[in-house]
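Below you'll find the structure, written out as structure tokens, and then a few comments.
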Amino acid sequence: MGKTTEELRRLWRAFQCNDHEMVLMRFGPDKIRVAEPTTEAWDALAAVLLAHDYEIRTQDTDSFNCREITNGSGPSLHSFGIALDINWKTNPYIDHTGKRKVRFSNKPTQEARARDVTMRLADTDMTPEMIEDVEAIKTNDGVKVFAWGGGFESVKDCMHFELDLSPAELAIGIDPSTVKEWAALETSTEVIDGTPDAWGLLSDASPRAESLEENYTVIARSGLRLRSSASTTADVVRTLSPGTIISVLSRDGPWALVDLEGDQLADGFVFFSYLRRPKAHVSSPSSFTTEVPAAFGRDVLHLATPDAVAKMFPVTPRSNISANLPFVLAGLRATALADVAMVLMALSTIRAETEGFRPISEGRSKYNTRYSEFDLYEGRRDLGNIEPGDGPRFKGRGYVQLTGRHNYKRIGDIVGTNLIADPELANESGVAGLVLAQFLKTKERAIRHALSVHDFVAARRAVNGGSHGLDRFVDAFKRGETALSATP
């Protein structure tokens, strides 16, 4: 039997309107703020929606909100970060007379079902099969995870999904066999003789493969959980952003033991199903390799420690460097830009573009805005901005301030991330690290030539097209030459 709203308020009271207990996570194409212990549950919900090809709209989907309950008394469960409203325009709140069951549309497409909702022939554009799969999600102890607002008899709140269990019950972990998409992905890896799995990858004939030591990209939309052992009940060490490059050391059934730093040391376990081999640069088949061409000098990535890099960023919070440096180094390793010249180029570019050492969105300035936000980028064919709204949509983002539809498409395709569909992904730390490295890779010849003759203006122009931030770039580069000069 499900828990009452009052019971859930009591069980989750430590999270009520508490911003510090909320985390931002990906949910399909959207980002939602939820209570920190609940992220795995929302991952499971997103997986089911994906399995049913249900499109989540960012403009009418919302999570944490410190407010009162609709047409009731007391705080809403949204105030506790344990409720999520999805696509409320086509799943409206309906306060009807009497009690009745939810009315589903029998139309085959989400668009057609939405029209039935508009014509008041149905209450939701979701399907009974999808809701059945959501309500089938359980913990490893068999406790039901979600309650759906469309199941309310006196009102219909089909947009609404809420957790129907306590923090202690949820801490047991989600049973992956009860999650439709997770189960399918795990089964897809159990193939024989190199048959492509559901992601078009070639899996190993044996469920266990020793010492793979290959690079893979994280493809989980909501991020991939790195766990301390090969179990869904194991502690979550961290969440890896989509696009993060990792090295698989070995396999243990559906799990992969991975190395995040490229030092052959294990950092934890992830589901192998959510990994794929990175796409190679179209003009350089070996661009995603861990070896550095001898002509470009020795690998110095191990020297780029937070302490060393902090010397290049004298006014930047050390916490930002520690948090983001692993993603930057992972991108450089993936693109074989691990020698002194290119490592200093990458770090100095960050100093010039985003001195806070974190991926950010470009702010308004006289260079991009005249009347409305980023209108000076509108219609810029040199940036590939050919559609209305491309200016603000493809404004600068990330460590390198990637700008323009053309660059979002070109670099996104190379790193295997659809930045056209979701430009905000360029601000995800893992993706931003890859974007920075791959952007430098496309300019590598010009950059190396400029640095070989100590022409910092030309090196900066190769990336920025001008001299913006040149003073910070040069200062960081010269500081870095000293910081990275130590012998290994």
Side-chain angles (χ1 to χ4, degrees), residues 245 260-263 292 296-360 362-363 396-402 426-427 429-441 443-444 446-488:
I245 296 290
L260 304 182
E261 305 297 332
D263 55 7
V292 181
F296 296 155
R298 62 184 175 88
D299 186 323
V300 299
L301 290 179
H302 63 289
L303 298 179
T305 63
D307 285 337
V309 174
K311 295 175 182 178
M312 301 172 61
F313 290 77
V315 300
T316 301
R318 172 63 181 275
S319 59
N320 287 8
I321 296 173
S322 297
N324 288 281
L325 182 59
F327 298 108
V328 173
L329 299 184
L332 294 174
R333 181 175 293 110
T335 49
L337 300 178
D339 57 292
V340 170
M342 296 308 294
V343 171
L344 290 181
M345 182 70 197
L347 297 173
S348 301
T349 296
I350 294 176
R351 172 84 186 276
E353 301 274 1
T354 54
E355 192 165 9
F357 212 103
R358 58 188 178 87
I360 61 173
E362 181 180 7
R397 290 184 179 88
Y399 298 117
V400 74
Q401 293 295 274
L402 191 71
N427 275 337
S429 296
V431 176
L434 285 173
V435 167
L436 167 65
Q438 192 57 61
F439 192 85
L440 295 180
K441 189 72 176 180
K443 307 287 186 178
E444 184 180 8
I447 291 171
R448 288 191 182 280
H449 176 73
L451 294 179
S452 70
V453 294
H454 305 289
D455 188 345
F456 293 121
V457 174
R460 183 75 188 119
R461 186 182 299 119
V463 174
N464 178 256
S467 58
H468 172 73
L470 179 62
D471 55 341
R472 296 190 300 275
F473 176 87
V474 174
D475 181 70
F477 199 98
K478 291 184 175 181
R479 288 171 179 266
E481 285 180 311
T482 301
L484 298 186
S485 64
T487 57

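Phe456 approaches Leu470 most closely through the heavy-atom pair O-CD1, 3.9 Å. Minimum heavy-atom separation, Ala310 to Arg318: CB-CD, 4.3 Å. Ala458 approaches Ala450 most closely through the heavy-atom pair CB-CB, 3.8 Å. Closest heavy-atom contact between Tyr399 and Pro359: CE2-CD, 3.3 Å. Here the shortest heavy-atom pairing between Ala304 and Leu329 reads O-CD1, 3.7 Å. A pairwise comparison of heavy atoms in Ala341 and Leu451 identifies O-CD1, 3.7 Å as the closest pair.
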| said: Glu444 vs Lys441, test: salt bridge (charged side-chain N to carboxylate O under 4.0 Å, His left out). Steps then yes/no. | reply: CA-CA 5 Å; Glu444 184 180 8; Lys441 189 72 176 180; 3.3 Å; yes

| said: Assess the residue pair Leu344 and Glu481 against the criterion (side-chain contact (heavy atoms from CB on, under 4.5 Å)); give the C-alpha distance rounded to whole Å, side-chain angles, the decisive distance to 0.1 Å, and a yes or no. | reply: CA-CA 8 Å; Leu344 290 181; Glu481 285 180 311; 3.6 Å; yes

| request: Apply the test side-chain contact (heavy atoms from CB on, under 4.5 Å) to residues Phe357 and Val309: give CA-CA distance (whole Å), side-chain angles for both, the deciding distance (0.1 Å), then the verdict. | output: CA-CA 10 Å; Phe357 212 103; Val309 174; 3.8 Å; yes

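The distance from atom OG of Ser322 to atom CG of Asp307, rounded to the nearest 0.5 Å, is 8.0 Å. For the atom pair CZ of Arg472 and OG1 of Thr354, the computed distance is 9.5 Å after rounding to the nearest 0.5 Å. Distance check, rounded to the nearest 0.5 Å: CG of Leu484 to CE of Met312 gives 6.5 Å. Rounded to the nearest 0.5 angstrom, Gln401 CD and His468 NE2 are separated by 8.0 Å. Put simply, CG on Leu436 and CG on Leu440 are 5.0 Å apart, with the number rounded to the nearest 0.5 Å. Note that CG of Leu325 is 7.0 Å distant from CG of Leu347, once rounded to the nearest 0.5 Å.
Taking 4.5 Å as the limit, every side-chain heavy atom of Phe473 sits out of range of all side-chain heavy atoms of Asn464. For the pair Val463 and Met345, the minimum side-chain heavy-atom distance is below 4.5 Å. In this structure, Glu353 and Ile350 have side chains that are not in contact, with every pair of non-hydrogen atoms separated by 4.5 Å or more.
When atom types are taken as modelled, the side chain of Thr316 and the backbone of Glu355 share a donor-acceptor pair closer than 3.5 angstrom. In this structure a side-chain-to-backbone donor-acceptor pair under 3.5 Å is missing from Asn320 to Arg358. Listed for the Glu362 side chain is no donor-acceptor partner under 3.5 Å among the backbone atoms of Leu402.
In the displayed structure, Arg479 atom CZ is contacted under 6.0 Å by more than 12 heavy atoms of other residues, nucleotides or ligands.
The only option from Leu337, Val343, Asp339 that meets the side-chain contact (heavy atoms from CB on, under 4.5 Å) definition with Leu301 turns out to be Val343.
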